[in-house]
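Numbers here are sequence positions counted from 1.
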Amino acid sequence: SSRRNVTVNHDEDSLKHMISMGGRRQKAVDDEERTLIVPPSSSGGDLPDQDASATGFIYVLAFFSALGGFLFGYDTGVVSGAMLLLKEEMNLSTLWQELLVSSTVGAAALSALSGGFLNGWLGRRVCILLASFIFAVGGVILSAAPDKAVLLVGRVTVGLGIGIASMTVPVYIAEVSPPNRRGQLVTINSLFITGGQFIASVIDGVFSYMGRGGWRYMLGLSVLPAVLQFVGFLFLPESPRWLLAKGRSQEARRALSRIRGDRGVDEEYAAIRTSVEKEKKGAGGLVISRILSHGPTRRALIVGCSLQMFQQLAGINTVMYYSATILQMAGVRDVKQAIWLTAATSATNFVFTLVGVWLVERVGRRKLTLGSLMGTGLSLTLLAVGFLLAAQHSPPTTLHPVDAQNSTCRLYRSCEFCMLDPDCGFCYREDDSRVYNSSCVPVNQASTDNAAWGRCSNQTEATASPMWAYNYCPTSYSWVVIMGLILYLAFFAPGMGTMPWTVNSEIYPLWARSTGNAWSAGVNWIFNVLVSLTFLHVARYLTYYGAFFMYTGLVAVGLLFVQGCLPETKGLPLEDVENLFAGRLCSCGSSSATRDVHYVRVNGRGSHPSDSDASDAE
Ligand SMILES: O[C@H]1[C@H](O)[C@@H](O)[C@H](O)[C@@H](O)[C@H]1O
């Protein structure tokens with residue numbers, strides 16, 4: 001308790017000085033001063049007390065902003081269930097199905113990239129209003145769509161909303177948050193993303209019983225949170241940092257007082273103002289070229305974009321989009337059951353994101369990311385081993401029916417090879433989990449639920465008819481795969497699922513912030529498309545276990561990168577974060593001084609955040 005109550009008469013300068021000192025000397029100082037430094041907690045592991053109304057308001061801000069994350073999650077998640085109904089009703093080819101899924105992600109990539117410019121020009125608040133408006137329009141188009149072309153227009157529209165929201169929301173939350181809560185508040189946005197994916201899977205489950213037209217509700221319900229966010233943001237303030245950068249100082253001051261409640265804001269306001277003025281002098285030219293020609297921001301951008309790239313390369317969206325296939329492999333045959341188990345998968349993702357929100361201010365960004373990557377790598381290995389065992393014990397084909405079309409299917413000797421060919425499926429009978437009378441036959445091009453001809457061409461619920469497996473094989477190693485899947489989500493969600501967004505919101509100076517976030521979010525979406533679109537092809541060439549071993553390898557590279565290059569940003573005012581990138585790229589693994597700086601209480605209060613940077617994209 002003595003530690004808790006010490007009031008240190010440090011001013012901000014001595015804090016900055018401490019932060020910027022490097023090497024062993026700093027370590028010695030750190031050790032000596034550790035008793036004087038108050039950890040970011042007022043009682044054990046809790047966060048410091050603050051003016052209650054200000055704390056309440058900041059959560060209201062975070063909630064309405066994070067609705068953008070919810071819509072991001074909802075619209076990327078809902079489509080898989082909607083597709084099951086749509087493909088029947090609109091007779092969609094595989095190409096159209098892929099188009100309807102990927103067009104959203106592709107549009108998100110483009111709009112995230114242009115979001116940087118919009119953010120600098122219009123401000124964070126207007127961009128969030130714009131995103132929610134686009135979401136609402138997209139939802140209306142989707143729910144009323146008379147044909148697949150209009151559906152495509154709707155999917156592209158919501159993609160445009162997702163892109164802007166995905167880069168603006170973390171920036172806005174980071175800019176309005178006090179430094180000691182910033183990580184947690186930004187991570188709430190990630191919680192809303194996985195929450196949106198979870199709710200989407202539940203809605204998919206519920207409306208799948210409705211049959212015809214159910215997809216209209218699935219896709220259209222996103223209008224509700226979009227309208228809620230739009231109306232909410234009409235009453236919420238703009239980011240004071242952006243206002244100051246635009247020279248609207250009166251408004252900036254008013255916004256800051258509103259956000260901080262009764263607390264005096266003079267010090268914080270002055271600090272932002274000074275830094276804005278300082279930065280204005282060096283302004284001019286395209287922001288991205290300024291970022292690239294300025295060492296610290298260039299290094300921050302490399303770290304930010306790489307984190308987003310590794311997030312996607314770890315394969316999260318193959319797991320999210322193909323979990324139904326993975327679960328089928330594990331023996332789940334019934335479509336309804338598969339839908340509900342998919343909901344269980346996204347629930348796991350959601351629950352473990354909550355763990356991330358809880359941990360981020362306690363263990364810090366760096367440790368959380370490192371731990372998450374290690375666990376993710378191990379669970380991917382387990383998944384791969386599960387698929388490997390399944391492949392090695394894959395049932396052979398015992399029947400080789402004469403094929404009038406002379407397809408390659410009948411040449412495959414086991415289910416494993418048959419399944420990896422997208423033109424073929426496995427038709428078999430089973431008793432006591434023993435597979436017999438099995439054959440590999442062409443799939444019906446109009447619906448993968450049936451074979452093109454023969455015993456499996458007319459699948460009914462009747463138990464007498466043989467079983468049809470497309471994209472998977474019957475196996476008794478499903479439990480290994482399911483365990484791998486659950487562990488994967490449990491490790492991925494709290495760190496790799498959240499930290500790339502959180503870290504990006506805080507590593508750039510103000511003038512580079514919206515552009516930096518636009519580029520890193522763009523990288524995220526581009527790799528999302530790449531990984532999810534190539535999964536089935538990769539699986540075909542490398543097999544399933546090969547694909548998962550490949551993701552393991554990519555995670556290992558990511559681990560080395562994070563170990564060497566990701567500095568700790570926990571508790572630092574936004575202006576001090578830039579100092580972390582002053583040194584060589586990837587030297588942070590060795591300089592512990594900059595990683596472990598705790599938040600110092602100034603005169604018994606939390607010290608004030610400030611920002612050393614200025615005007616945004618002009
Ligand atoms: O942070 C999110 C989250 O992990 C989601 O589950 C995933 O689908 C997204 O691609 C990712 O950006």
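Taking CD1 from Ile302 and CG from Leu307, the interatomic distance works out to 12.0 Å, rounded to the nearest 0.5 Å. Note that CG of Leu388 and CG of Leu382 are 11.5 Å apart. Values are rounded to the nearest 0.5 Å. For the atom pair SG (Cys473) and CZ (Phe417), the distance works out to 10.5 Å, reported to the nearest 0.5 Å. Atoms OG and CD, from Ser80 and Gln197 in turn, are 10.0 Å apart once rounded to the nearest 0.5 Å. Remark: Arg365 CZ to Leu370 CG distance equals 14.0 Å, nearest 0.5 Å. Note that CD1 of Ile288 and CH2 of Trp519 are 5.0 Å apart. Values are rounded to the nearest 0.5 Å.
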(request) Report the C-alpha distance between Tyr544 and Leu420 in whole Å, list the side-chain angles of each, state the deciding distance to 0.1 Å, and finish with yes or no for side chain to side chain contact (heavy atoms under 4.5 Å, CB included). (result) CA-CA 8 Å; Tyr544 276 79; Leu420 291 172; 3.6 Å; yes
(request) Begin from the C-alpha positions of Glu506 and Thr569 and carry the test side chain to side chain donor-acceptor pair (under 3.5 Å) through to its verdict. (result) CA-CA 8 Å; Glu506 53 188 16; Thr569 45; 2.5 Å; yes
(request) Kindly indicate, with the supporting measurements, whether the criterion side chain to side chain donor-acceptor pair (under 3.5 Å) is fulfilled by Thr168 and Arg124. (result) CA-CA 6 Å; Thr168 310; Arg124 325 313 189 202; over 6 Å; no
(request) Show your working on side chain to side chain contact (heavy atoms under 4.5 Å, CB included) between His294 and Trp511 and close with a plain yes or no. (result) CA-CA 12 Å; His294 178 56; Trp511 63 267; 3.9 Å; yes
(request) Check the pair Val101 / Val105 against side chain to side chain contact (heavy atoms under 4.5 Å, CB included), numbers first and verdict last. (result) CA-CA 7 Å; Val101 176; Val105 185; 5.6 Å; no
(message) Go through it in stages, so that I can follow the logic: the residues are Thr342 and Ser201, the test is side chain to side chain donor-acceptor pair (under 3.5 Å), and I'd like the CA-CA distance, side-chain angles, deciding distance and then a yes or no.
(response) CA-CA 7 Å; Thr342 311; Ser201 59; over 6 Å; no
(request) Output, in order, the C-alpha distance, side-chain angles, deciding distance and verdict of side chain to side chain contact (heavy atoms under 4.5 Å, CB included) for Phe491 and Leu378. (result) CA-CA 9 Å; Phe491 281 112; Leu378 290 177; over 6 Å; no
(request) Carefully, step by step, assess Cys418 and Cys424 under the rule disulfide bond (SG atoms under 2.5 Å apart). (result) CA-CA 6 Å; Cys418 176; Cys424 315; 5.2 Å; no
(request) List the steps and the verdict of salt bridge (charged side-chain N to carboxylate O under 4.0 Å, His left out) for Glu175 and Arg513. (result) CA-CA 10 Å; Glu175 288 186 346; Arg513 194 169 295 142; 2.6 Å; yes
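Looking at heavy atoms from C-beta onward, Tyr172 lies out of side-chain contact with Asn119 at the 4.5 angstrom threshold. A 4.5 Å side-chain heavy-atom check between Ile316 and Leu489 finds at least one atom pair inside the cut-off. Counting heavy atoms from C-beta on, the side chains of Thr498 and Val360 never come closer than 4.5 Å. Taking 4.5 Å as the limit, some side-chain heavy atom of Val357 sits within range of a side-chain heavy atom of Ile188. Side-chain contact between Ser65 and Phe192 is absent, with no heavy-atom pair separated by less than 4.5 Å. Side chains of Met496 and Val555 form no contact here, defined as non-hydrogen atoms less than 4.5 Å apart. The side-chain heavy atoms of Val287 and Phe117, taken from C-beta on, include no pair separated by under 4.5 Å. Taking 4.5 Å as the limit, some side-chain heavy atom of Leu383 sits within range of a side-chain heavy atom of Val481.
Listed here is the closest heavy atom pair of Cys305 and Ser520: SG-CA, 3.8 Å. Residue Gly73 comes nearest to Thr76 through the heavy atom pair O-OG1, 3.2 Å, listed as atom of the first residue, atom of the second, then distance. In terms of heavy-atom proximity, Leu313 sits nearest to Phe527 at CD2-CD2, 3.8 Å. Nearest heavy-atom pair, Ser505 versus Val171, reported as atom, atom and distance to 0.1 Å: CB-N, 4.3 Å. What you find for Asn504 and Gln308 is that their closest heavy atoms are ND2-CG, 3.7 Å. When all heavy atoms are compared, the tightest approach of Gly304 to Tyr508 is CA-OH, 3.7 Å.
Under the 6.0 Å cut-off for aromatic ring centres, Trp358 and Phe352 do not qualify, their centroids lying 6.0 Å or more apart.
Just one residue in the list Val303, Leu572, Ile507, Leu566 forms a side-chain contact (heavy atoms from CB on, under 4.5 Å) with Leu580, and that residue is Leu572. Looking at Phe549, Phe548, Tyr545 one by one, the single match for ring-ring contact (aromatic ring centres under 6.0 Å, His included) with Phe387 turns out to be Phe548.
Arg155 places a side-chain N or O within donor-acceptor distance of the main-chain N or O of Asp75, the cut-off being under 3.5 Å. Judged purely by atom type and a 3.5 angstrom limit, Thr297 uses its side chain to pair as donor or acceptor with the backbone of Ile291. Here the side chain of Thr381 pairs a donor or acceptor atom with the backbone of Gly377 at under 3.5 angstrom. Although no hydrogens or angles enter the test, the distance criterion places no donor-acceptor pair under 3.5 Å between the side chain of Ser379 and the main chain of Gly484. The backbone N or O of Glu416 lies less than 3.5 Å from a partner atom in the side chain of Ser394, making a donor-acceptor pair. In this structure, the side chain of Thr543 engages the main chain of Gly546 through a donor-acceptor pair within 3.5 Å. Judged by distance alone, the side chain of Thr475 and the main-chain N or O of Tyr477 form a donor-acceptor pair under 3.5 Å. At distances below 3.5 Å, not a single donor-acceptor pair connects side-chain atoms of Ser532 with backbone N or O atoms of Asn317. Arg366 places a side-chain N or O within donor-acceptor distance of the main-chain N or O of Val562, the cut-off being under 3.5 Å. With hydrogens and angles ignored, the 3.5 Å screen pairs a side-chain donor or acceptor of Arg299 with a backbone N or O of Ala582.
Under the 3.5 Å distance criterion, with hydrogens and angles disregarded, a donor-acceptor pair is assigned to the side chains of Gln311 and Asn524. Residues Asp421 and Tyr412 have side chains that bring a donor and an acceptor to within less than 3.5 angstrom of each other. Judged purely by distance below 3.5 Å, without hydrogens or angles, the side chains of Thr353 and Thr194 pair a donor atom with an acceptor atom.
Around the CH2 atom of Trp525, the shell of radius 6.0 Å holds more than 12 heavy atoms that belong to other residues, nucleotides or ligands.
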